[in-house]
Amino acid sequence: MNKLNDKVAIITGSARGIGFSIAEKLATNGATSVIIDLDQQAVDLAVQKIDDQGFRAIGFAANVTDQEQITSIFKEIYEEFDAVDILINNAGITKDGLIMKMKEDDWDSVINVNLKGTFICTQKICRFMMKKRSGVILNIASVIGLMGNAGQANYAASKGGIIAFTKSSAKEFASRNIRVNAIAPGFIQTEMTENLSQEVVDNYTAAIPLSRMGSADDVANLCLFLVSDDASYITGQTIQVDGGLIM
Ligand SMILES: NC(=O)c1ccc[n+]([C@@H]2O[C@H](COP(=O)([O-])OP(=O)(O)OC[C@H]3O[C@@H](n4cnc5c(N)ncnc54)[C@H](O)[C@@H]3O)[C@@H](O)[C@H]2O)c1
């Protein structure tokens, strides 16, 4: 039996990378995956890829920092399906630089997309989940939010913030049967990491006990478990998928 039969799952930033793998994984396990990403063409392509495999997906072009857009899309989804069971806050960006030289814009945009976007989507979905007294929210953080990284102060602050936000929302929503957890991926092969120099990749892999970068599917596998009823007694946690990078 499919773990997620008849569930509706919204995944932000899911036209590619980790988000797309999550959308694909949830759809192949019975859910209707709702793809949200910036570019309409990329969204359509992602929906098509899932559809071509015989699974269910729909898509919307939207920016997670746009409260009006997110409010109206979530309302439309709720009205169509009479439920929104799962929200995965995955959309994220990096704008790396040393603190001494970091532009205010690079600080603001990373905090806005990664942290404020997570807040906006959570706030806009929680009233529907509360109405149903059921729901699961999963936030994609990062090991950088746990350990920090030179040159990524904005990103580390946004991901550390997501981990704290996860705990607070888990406490606020538990009485309504809404679970909130976070995943902290390590070094995962996606477009976000593909432009790193071979030297940086070699240094990272040397520090990873399992001696390899992770795949988007490694993250999606944990995601499937955490959003399913198999994880019904787990909330407020941040779980690493990092090949043992930090322990
Ligand atoms: N790749 C890694 O090594 C790694 C490690 C730890 C955490 N993460 C986190 O995982 C998540 C996904 O990363 P990825 O590697 O797949 O990145 P990616 O760059 O390949 O994909 C991110 C997606 O988010 C979308 N997006 C960006 N800003 C958005 C916005 N404002 N509104 C809606 N969509 C937006 C992008 O268009 C893109 O499709 C991010 O939150 C990232 O921080 C990635």
Side-chain angles (χ1 to χ4, degrees), residues 10-25 33-47 49 59-70 73-74 87-96 106 108-122 124 137-149 152 154-163 165-166 182-196 200-201 203-205 207-208 212-220 222-223 238-243 245-246:
I10 297 173
I11 307 102
T12 68
S14 51
R16 70 177 198 208
I18 292 171
F20 178 73
S21 284
I22 293 172
E24 201 176 31
K25 180 75 66 184
S33 285
V34 182
I35 309 261
I36 293 187
D37 211 305
L38 294 171
D39 177 65
Q40 185 70 57
Q41 240 183 328
V43 168
D44 292 344
L45 205 66
V47 168
K49 277 194 212 161
F60 296 87
N63 189 323
V64 291
T65 64
D66 186 329
Q67 306 226 25
E68 273 179 35
Q69 252 186 341
I70 293 298
I73 289 169
F74 286 6
L87 168 68
I88 317 283
N89 284 309
N90 167 78
I93 58 169
T94 51
K95 293 270 173 76
D96 297 351
D106 290 345
D108 286 346
S109 58
V110 169
I111 298 292
N112 270 335
V113 173
N114 299 4
L115 184 55
K116 192 173 175 192
T118 296
F119 159 68
I120 289 171
C121 292
T122 300
K124 302 306 172 200
I137 299 171
L138 188 55
N139 299 323
I140 305 301
S142 168
V143 289
I144 303 303
L146 294 165
M147 66 183 199
N149 199 19
Q152 289 199 302
N154 49 358
Y155 185 73
S158 75
K159 295 299 187 178
I162 286 175
I163 291 167
F165 180 72
T166 299
I183 293 180
F187 195 33
I188 308 294
Q189 211 152 12
T190 67
E191 285 185 42
M192 189 179 261
T193 47
E194 78 180 2
N195 290 326
L196 296 173
V200 172
V201 173
N203 286 343
Y204 261 116
T205 31
I208 297 170
R212 66 167 176 90
M213 288 178 79
S215 69
D217 209 43
D218 290 326
V219 180
L222 175 61
C223 178
T238 298
I239 301 176
Q240 293 157 228
V241 181
D242 66 355
L245 177 63
I246 50 173

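Indexing begins at 1, ligand by ligand and atom by atom, following the structure's order. Please read all numbers here as calculations on a predicted model, not as lab measurements. Starting from 1, each residue takes its place in the sequence as its number.
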Peer 1: Would you please determine whether Ala184 falls within less than 4.0 Å of ligand 1 on a heavy-atom basis?
Peer 2: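 Under 4.0 Å: no for Ala184.
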
Peer 1: By number and element, which atoms of ligand 1 are closer than 4.0 Å to a non-hydrogen atom of Val113?
Peer 2: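 The atoms of ligand 1 under 4.0 Å from a heavy atom of Val113 are 28 (N), 31 (N).
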
Peer 1: Please list the nearest protein heavy atom to atom 5 (C) of ligand 1 with its residue and the distance rounded to 0.1 Å.
Peer 2: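 The answer is Gly186 O, 2.9 Å.
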
Peer 1: Could you check atom 17 (O) of ligand 1 against the protein and tell me its nearest heavy-atom contact, residue, atom and distance included?
Peer 2: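 Answer, as residue, atom name and distance: Met192 CB, 3.6 Å.
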
Peer 1: One residue to check: Thr193. Relative to ligand 1, which of side chain, backbone, both or neither has a non-hydrogen atom less than 4.0 Å away?
Peer 2: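 Within the 4.0 Å criterion, Thr193 contacts ligand 1 through side-chain atoms alone.
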
Peer 1: May I ask whether Lys159 has any heavy atom positioned less than 4.0 angstrom from an atom of ligand 1?
Peer 2: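 Heavy atoms of Lys159 do come under 4.0 Å of ligand 1.
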
Peer 1: In a check of side chain to side chain contact (heavy atoms under 4.5 Å, CB included) between Cys121 and each of Asn90, Leu87, Asn139, which one passes?
Peer 2: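 It is Leu87; the other options fail the test.
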
Peer 1: Could you tell me whether Glu68 atom CD has more than 12 heavy atoms of other residues or ligands within 6.0 Å of it?
Peer 2: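 12 or below, so no.
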
Peer 1: What is the nearest protein non-hydrogen atom to atom 8 (N) of ligand 1, stated with its residue, atom name and distance?
Peer 2: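 The protein heavy atom lying closest is Tyr155 OH, 3.5 Å.
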
Peer 1: Please report which non-hydrogen protein atom sits nearest to atom 31 (N) of ligand 1, along with the residue it belongs to and the distance in Å to one decimal place.
Peer 2: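 Going by distance alone, atom 31 (N) of ligand 1 is nearest to Asn63 OD1, 2.8 Å.
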
Peer 1: Among Arg16, Glu191, Glu194, which one puts a heavy atom closest to atom 19 (O) of ligand 1?
Peer 2: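 The option holding the nearest heavy atom is Arg16.
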
Peer 1: Classify the contact between Val64 and ligand 1 as side chain, backbone, both or neither, using a heavy-atom distance cut-off of under 4.0 Å.
Peer 2: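 For Val64, the contact with ligand 1 is made by both the backbone and the side chain.
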
Peer 1: For Gly17, take its heavy atoms, then give the atoms of ligand 1 lying under 4.0 Å from any of them.
Peer 2: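 Contacts of ligand 1 toward Gly17, numbered from 1: 16 (O).
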
Peer 1: Of all the atoms in ligand 1, which lie at a distance below 4.0 Å from a heavy atom belonging to Ile93?
Peer 2: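 Listed by number with element: 27 (C), 28 (N).
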
Peer 1: Which residue from Ile70, Asp37, Leu38 reaches closest to atom 37 (O) of ligand 1 through any of its heavy atoms?
Peer 2: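 The option holding the nearest heavy atom is Asp37.
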
Peer 1: When you compare the side chains of Ser109 and Asn112, does any donor N or O come within less than 3.5 Å of an acceptor on the partner?
Peer 2: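 The answer is no; no qualifying pair exists.
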
Peer 1: Only counting residues at least two apart or in another chain, list the ones meeting side chain to side chain donor-acceptor pair (under 3.5 Å) with Thr12.
Peer 2: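 Listed in chain order: nothing, the list is empty.
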
Peer 1: Is it true that Ala141 lies under 4.0 Å from ligand 1, counting heavy atoms only?
Peer 2: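 Flag set, Ala141 near ligand 1.
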
Peer 1: Would you say Asp37's side chain and Val43's backbone share a donor-acceptor pair under 3.5 angstrom?
Peer 2: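 No, the answer is negative, given that no donor and acceptor are paired below the 3.5 Å cut-off.
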
Peer 1: Can you pull out the closest protein heavy atom to atom 23 (C) of ligand 1? Residue, atom name and distance to 0.1 Å, please.
Peer 2: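 Result for atom 23 (C) of ligand 1: Gly13 O, 3.4 Å.
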
Peer 1: Does Gly17 offer a backbone N or O that forms a donor-acceptor pair with the side chain of Thr190 under 3.5 Å?
Peer 2: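 Not confirmed, Thr190 side chain does not pair with Gly17 backbone.
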
Peer 1: Output yes when a side-chain donor or acceptor of Asn154 lies under 3.5 Å from a complementary backbone atom of Lys95, and no otherwise.
Peer 2: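 It does hold such a pair.
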
Peer 1: State whether a side-chain donor-acceptor pair under 3.5 Å links Thr65 with Asn63.
Peer 2: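 Side-chain D/A pair, Thr65 to Asn63: present.
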
Peer 1: If you count the atoms of ligand 1 from 1 in the order shown, which ones are under 4.0 Å from a heavy atom of Asn90?
Peer 2: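 What qualifies from ligand 1 is 10 (O), 11 (C), 12 (C), 40 (C), 41 (O).
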
Peer 1: Tell me which one of Gly92, Ala42, Ala216, Ser142 gets a heavy atom nearest to atom 22 (C) of ligand 1.
Peer 2: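 Minimum heavy-atom distance to atom 22 (C) of ligand 1 goes to Gly92.
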
Peer 1: Report yes if some N/O of Ile18 lies less than 3.5 Å from some N/O of ligand 1; otherwise report no.
Peer 2: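 Ile18 vs ligand 1: N/O contact under 3.5 Å present.
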
Peer 1: Output all residues satisfying ring pair (Phe, Tyr, Trp, His ring centres under 6.0 Å) with Phe74, sequence neighbours left out; order by chain, then residue number.
Peer 2: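 Once residues adjacent in sequence are excluded, Phe74 has no partner under the ring pair (Phe, Tyr, Trp, His ring centres under 6.0 Å) criterion.
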
Peer 1: With a cut-off of 6.0 Å (strictly less than), are more than 12 heavy atoms of other residues, nucleotides or ligands near CD of Gln189?
Peer 2: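 No, CD of Gln189 has 12 or fewer neighbouring heavy atoms, counting only those of other groups under 6.0 Å.
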
Peer 1: For the CG atom of Asn114 and the OG atom of Ser142, what is their distance to the nearest 0.5 Å?
Peer 2: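 Between atom CG of Asn114 and atom OG of Ser142 there are 9.5 Å.
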
Peer 1: Taking Ile144's backbone N and O only, do any of them form a donor-acceptor pair with Gln152's side chain (distance below 3.5 Å, no angle check)?
Peer 2: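 Checking the backbone N and O of Ile144 against the side chain of Gln152, no donor-acceptor pair under 3.5 Å is found.
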
Peer 1: With rounding to the nearest 0.5 Å, note down the distance linking CG in Leu115 to CD1 in Ile120.
Peer 2: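 With rounding to 0.5 Å, CG (Leu115) is 10.0 Å from CD1 (Ile120).
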
Peer 1: Applying the side chain to side chain contact (heavy atoms under 4.5 Å, CB included) test to Ile18, which of Ile88, Ile188, Ile183 qualifies?
Peer 2: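 Passing option: Ile188.
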
Peer 1: Who's closest to atom 14 (P) of ligand 1 heavy-atom-wise, of Asn112, Thr190, Ile120?
Peer 2: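 Heavy atom nearest to atom 14 (P) of ligand 1 belongs to Thr190.
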
Peer 1: If you measure from each heavy atom of Phe20 to ligand 1, is any distance below 4.0 Å?
Peer 2: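 Distance cut 4.0 Å: Phe20 fails for ligand 1.
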
Peer 1: Looking only at protein heavy atoms, which one is nearest to atom 10 (O) of ligand 1, and what is the separation?
Peer 2: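 Atom 10 (O) of ligand 1 sits closest to the protein heavy atom Ile140 CG2, 3.4 Å.
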
Peer 1: In this structure, does ligand 1 have an atom that sits under 4.0 Å from one of the heavy atoms of Thr12?
Peer 2: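 No.
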
Peer 1: For the backbone of Ile140 and the side chain of Lys159, can you confirm whether one donor and one acceptor N or O come within less than 3.5 Å of each other?
Peer 2: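 Looks like yes, one N/O pair under 3.5 Å.
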
Peer 1: Under 4.0 angstrom from ligand 1, any heavy atom of Ala62?
Peer 2: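 Yes, Ala62 has a heavy atom closer than 4.0 Å to ligand 1.
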
Peer 1: Any heavy atom of Thr65 sitting closer than 4.0 Å to ligand 1?
Peer 2: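 The answer is no: ligand 1 sits nowhere under 4.0 Å from a heavy atom of Thr65.
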
Peer 1: Provide, to 0.1 Å, the distance between atom 6 (C) of ligand 1 and the closest protein heavy atom, together with that atom's residue and name.
Peer 2: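 Among all protein heavy atoms, the one nearest atom 6 (C) of ligand 1 is Pro185 O, 3.4 Å.
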
Peer 1: Considering only non-hydrogen protein atoms, determine which one is nearest to atom 3 (O) of ligand 1 and report residue, atom name and distance to 0.1 Å.
Peer 2: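 Answer, as residue, atom name and distance: Ile188 N, 2.8 Å.
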
